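Just so you know, these numbers use all the heavy atoms, side chains as well, and skip hydrogens, waters and symmetry mates. Just so you know, ligand 1 is whichever comes first in the structure, and atom 1 is the first atom listed for that ligand. Treat the numbers as computed from the prediction; the structure is a model and nothing was measured.
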Amino acid sequence: RQTGTVETDAEKHDVEYLTPISIGTPPQNLIVDFDTGSSDLWVFSTEMAAKDIKGQAVYDPNNSSTSEKLQGSTWQITYGDGSSSSGDVYLDTVTIGNLTVPNQAVEAATKVSDEFTDDANNDGLLGLGFSSINTVQPTPQNTFFDNIKNNLDAPLFTADLKHGAPGSYNFGYIDPAAYVGNISWTPVDSSQGFWSFTSPGYAVGTEAMRNHSISGIADTGTTLLLLPKSVVKAYYEEIQGAQYDSNQGGYVFPCSPTPPDFVFGVSDGIVTVPGDMVSYAPVDSANQDCFGGIQSDTGIGFSIFGDVALKTSFVVFDAGGLQLGWGAKN
Ligand SMILES: CSC[C@H](NC(=O)[C@H](Cc1ccccc1)NC(=O)N1CCOCC1)C(=O)N[C@@H](CC1CCCCC1)[C@@H](O)C(=O)OC(C)C
């Protein structure tokens, strides 16, 4: 049995968190976005048109003595923000930290949408959702975590994302030094392939908790905290000058004073998103108005507890117990 850990770095404004992995023999080093909201491991590759690659590192299966083409297999994925990619599939050795899966399905991109081409620092995605939503056809493939979880001390991984600082993903163990107090556990419904749970209620600032349950997913690949329209409206009503700005595509408010905290329940516990985390980023160089880290989940079908929520906590993704654990950071 084994455990592993790898550092993840916050990009500007914590817009995404990028983590190094290596693929093939000899190892090819790429930096990818670990995404609990999807279940494909795909990377920029030498099979792409040169015009679609702008600074990213690429996987070259022909340069790996351990790559083996999964004949006839293809993949195609479209994400919540409309970005997309597609390609073919190889089996190859993938290493994260000190953990290695010898025959991991590595989805080599042949095409990516402009959003990926324009994100120079991101070489691909490593899905940490449930393998039931892997897009490989004709036979869906397992995620890295699914392939290794039975060799881990415990079938779980943890996300310790930070604000503007390196954090870590751990595999197979819960680091007692990473949190204080007790972890609040809540059951996961994996039927849609996501780490989905229901929060029993929320509060704005210091007011009393409202019994308004919120069902959503813990998604490391989504930047913001996307909640029901009614909750978002109740929150921004408490901020002088807050308004929905159609140009920015969301709620915008004066960067100071610091807005109220947003608190949501997790079974018997609570998670507090500090007001200064809700001021996601200035909308202009004048730094007067800030784009909100809390926005509406309209059109998605469920709420998304993205990085704005996750980086407040030490979060345990427990596939053994099918539960999520939220701990207060140390
Ligand atoms: C409504 S869900 C939107 C979500 N995307 C996001 O949250 C993107 C992530 C990103 C970061 C940097 C550069 C490019 C994109 N950020 C975003 O839309 N932002 C606009 C608002 O300001 C903050 C940044 C999303 O599509 N998440 C994907 C993973 C994501 C990773 C980065 C590349 C693009 C794909 C995934 O988690 C997903 O689709 O989840 C489903 C279940 C909604």
Trainee: Which atoms of ligand 1 have any heavy atom of Phe194 under 4.0 Å away?
Mentor: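 Within the 4.0 Å cut-off of Phe194, ligand 1 contributes 42 (C).
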Trainee: Hey, would you say the Phe317 and Phe145 ring centroids sit under 6.0 Å apart?
Mentor: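 For Phe317 and Phe145, the ring centres are not under 6.0 Å apart.
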Trainee: State the atoms of ligand 1, each with its element, that fall below the 4.0 Å cut-off from a heavy-atom position in Asp33.
Mentor: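 That gives atoms 31 (C), 32 (C) of ligand 1.
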Trainee: Is a side-chain donor-acceptor pair under 3.5 Å present for Gln2 with Asn151?
Mentor: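 Checked: Asn151/Gln2 side chains show no N/O donor-acceptor pair below 3.5 Å.
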Trainee: Taking distance alone, with no angle check, do Thr223 and ligand 1 share an N/O pair under 3.5 Å?
Mentor: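 N/O-N/O distance under 3.5 Å: yes.
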Trainee: I'd like to know if the side chain of Thr258 pairs up with that of Asp276 as donor and acceptor (distance under 3.5 Å, no hydrogens or angles considered).
Mentor: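 Looking only at side-chain atoms, Asp276 and Thr258 do not form any donor-acceptor pair under 3.5 Å.
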Trainee: Between Asp123 (side chain only) and Ile31 (backbone N and O only), is there a donor and an acceptor less than 3.5 Å apart?
Mentor: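 Yes; at least one donor-acceptor contact below 3.5 Å.
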Trainee: Report, in ascending order of atom number, the atoms of ligand 1 lying under 4.0 Å from any heavy atom of Gly37.
Mentor: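 Taking each heavy atom of Gly37 in turn, ligand 1 has 37 (O), 40 (O), 42 (C) under 4.0 Å.
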Trainee: Can you list, by chain and residue number, the hydrophobic cluster partners of Val89 when the side-chain cut-off is 4.5 Å?
Mentor: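 Under the 4.5 Å side-chain rule, Val89 groups with Trp42, Phe44, Met48, Ile53, Val58, Leu70, Trp75, Ile77, Tyr79, Leu91, Val112, Phe116, Leu125, Val136.
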Trainee: Can you classify the ring geometry of Phe314 versus Tyr179 as parallel (below 30°), tilted (30 to 60°) or perpendicular (above 60°)?
Mentor: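 Parallel: the ring planes of Phe314 and Tyr179 meet at under 30°.
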Trainee: With heavy-atom distances below 4.0 Å as the criterion, list the atoms of ligand 1 near Ile217.
Mentor: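 This gives 42 (C) as the contact atoms.
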Trainee: Looking at Glu115, I want to see if its CD is surrounded by more than 12 non-hydrogen atoms of other residues, nucleotides or ligands under 6.0 Å.
Mentor: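 Yes, CD of Glu115 has more than 12 neighbouring heavy atoms, counting only those of other groups under 6.0 Å.
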Trainee: Return yes when atom CG of Asn182 has more than 12 non-hydrogen atoms of other residues, nucleotides or ligands closer than 6.0 Å, and no otherwise.
Mentor: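 Open.
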Trainee: Please verify the inter-ring angle class for Phe171 with Phe144; under 30° counts as parallel, over 60° as perpendicular, anything in between as tilted.
Mentor: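 Phe171 vs Phe144 ring planes: perpendicular.
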Trainee: May I ask you to identify the nearest protein heavy atom to atom 33 (C) of ligand 1, giving residue, atom name and distance to one decimal place in Å?
Mentor: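 Result: Phe116 CE2, 3.5 Å.
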Trainee: Phe194 and Phe302: aromatic ring centres closer than 6.0 Å?
Mentor: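 Between Phe302 and Phe194, which both carry aromatic rings, the centre distance is below 6.0 Å.
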Trainee: Checking contacts here: is it the side chain or the backbone of Thr222 that comes within 4.0 Å of ligand 1, counting heavy atoms only? Could be both or neither.
Mentor: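 It is both backbone and side chain that touch ligand 1.
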Trainee: Taking heavy atoms and a distance under 4.0 Å, where does Ser38 meet ligand 1: side chain, backbone, both or neither?
Mentor: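 Looking at Ser38 and ligand 1, no heavy atom falls under 4.0 Å.
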Trainee: For ligand 1 and Gly80, I'd like to know whether there is a polar contact (N/O to N/O, distance under 3.5 Å).
Mentor: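 Checking ligand 1 against Gly80, an N or O pair does fall under 3.5 Å apart.
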Trainee: Provide, to 0.1 Å, the distance between atom 5 (N) of ligand 1 and the closest protein heavy atom, together with that atom's residue and name.
Mentor: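 It is Asp81 OD2, 3.1 Å.
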Trainee: For atom 11 (C) of ligand 1, grab the closest protein heavy atom and report residue, atom and distance to one decimal in Å.
Mentor: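 For atom 11 (C) of ligand 1, the nearest protein heavy atom comes out as Val15 O, 3.5 Å.
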Trainee: If the contact criterion is a heavy-atom separation under 4.0 Å, does Glu16 count as touching ligand 1?
Mentor: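 The answer is yes, since Glu16 has a heavy atom less than 4.0 Å from ligand 1.
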Trainee: May I ask you to list the atoms of ligand 1 that are less than 4.0 angstrom from any heavy atom of Ser83?
Mentor: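 Near Ser83, meaning under 4.0 Å from one of its heavy atoms, ligand 1 has 34 (C), 35 (C).
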Trainee: Which part of Asp35 is near ligand 1, with near meaning a heavy atom under 4.0 Å away: side chain, backbone, both or neither?
Mentor: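 Contact part for Asp35 vs ligand 1: side chain (C-beta onward).
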Trainee: Side chain, backbone, both or neither: which part of Asp119 has a heavy atom under 4.0 Å from ligand 1?
Mentor: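 Answer for Asp119: side chain.
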Trainee: Can you sort out which atoms of ligand 1 are near Ile300, meaning under 4.0 Å from one of its heavy atoms?
Mentor: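 Once the distances to Ile300 are compared, the set is 1 (C).
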Trainee: Using heavy atoms and a 4.0 Å limit, tell me yes or no: is Asn122 in contact with ligand 1?
Mentor: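 Under 4.0 Å: no for Asn122.
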Trainee: Are Tyr202 and Phe262 near enough that their ring centres are under 6.0 Å apart?
Mentor: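 Close enough - the centres of the two rings lie under 6.0 Å apart.
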Trainee: Where on Thr36 is there a heavy atom closer than 4.0 Å to ligand 1, on the side chain, on the backbone, on both, or on neither?
Mentor: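 Within the 4.0 Å criterion, Thr36 makes no contact with ligand 1.
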Trainee: In terms of atom number and element, which parts of ligand 1 are under 4.0 angstrom from non-hydrogen atoms of Ile304?
Mentor: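 Answer for ligand 1: 2 (S), 43 (C).
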Trainee: For ligand 1, indicate whether the residue Asp219 contacts it via side chain, backbone, both or neither (heavy-atom separation under 4.0 Å).
Mentor: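 The answer is the side chain of Asp219.
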Trainee: Does Lys329 come within less than 4.0 Å of Asp160, counting only side-chain N to carboxylate O?
Mentor: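 So Lys329 pairs with Asp160 through a salt bridge.
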Trainee: Would a 4.0 Å cut-off, counted as strictly less than, catch a protein heavy atom around atom 20 (C) of ligand 1?
Mentor: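 No, because not a single protein heavy atom sits under 4.0 Å from atom 20 (C) of ligand 1.
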Trainee: Can you check whether Phe253 and Tyr236 have ring centres sitting under 6.0 Å from each other?
Mentor: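 Ring centres of Tyr236 and Phe253 closer than 6.0 Å.
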Trainee: Using a 3.5 Å cut-off on N or O atoms only, is Gly221 in polar contact with ligand 1?
Mentor: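 The answer is yes, given that Gly221 and ligand 1 share an N or O pair closer than 3.5 Å.
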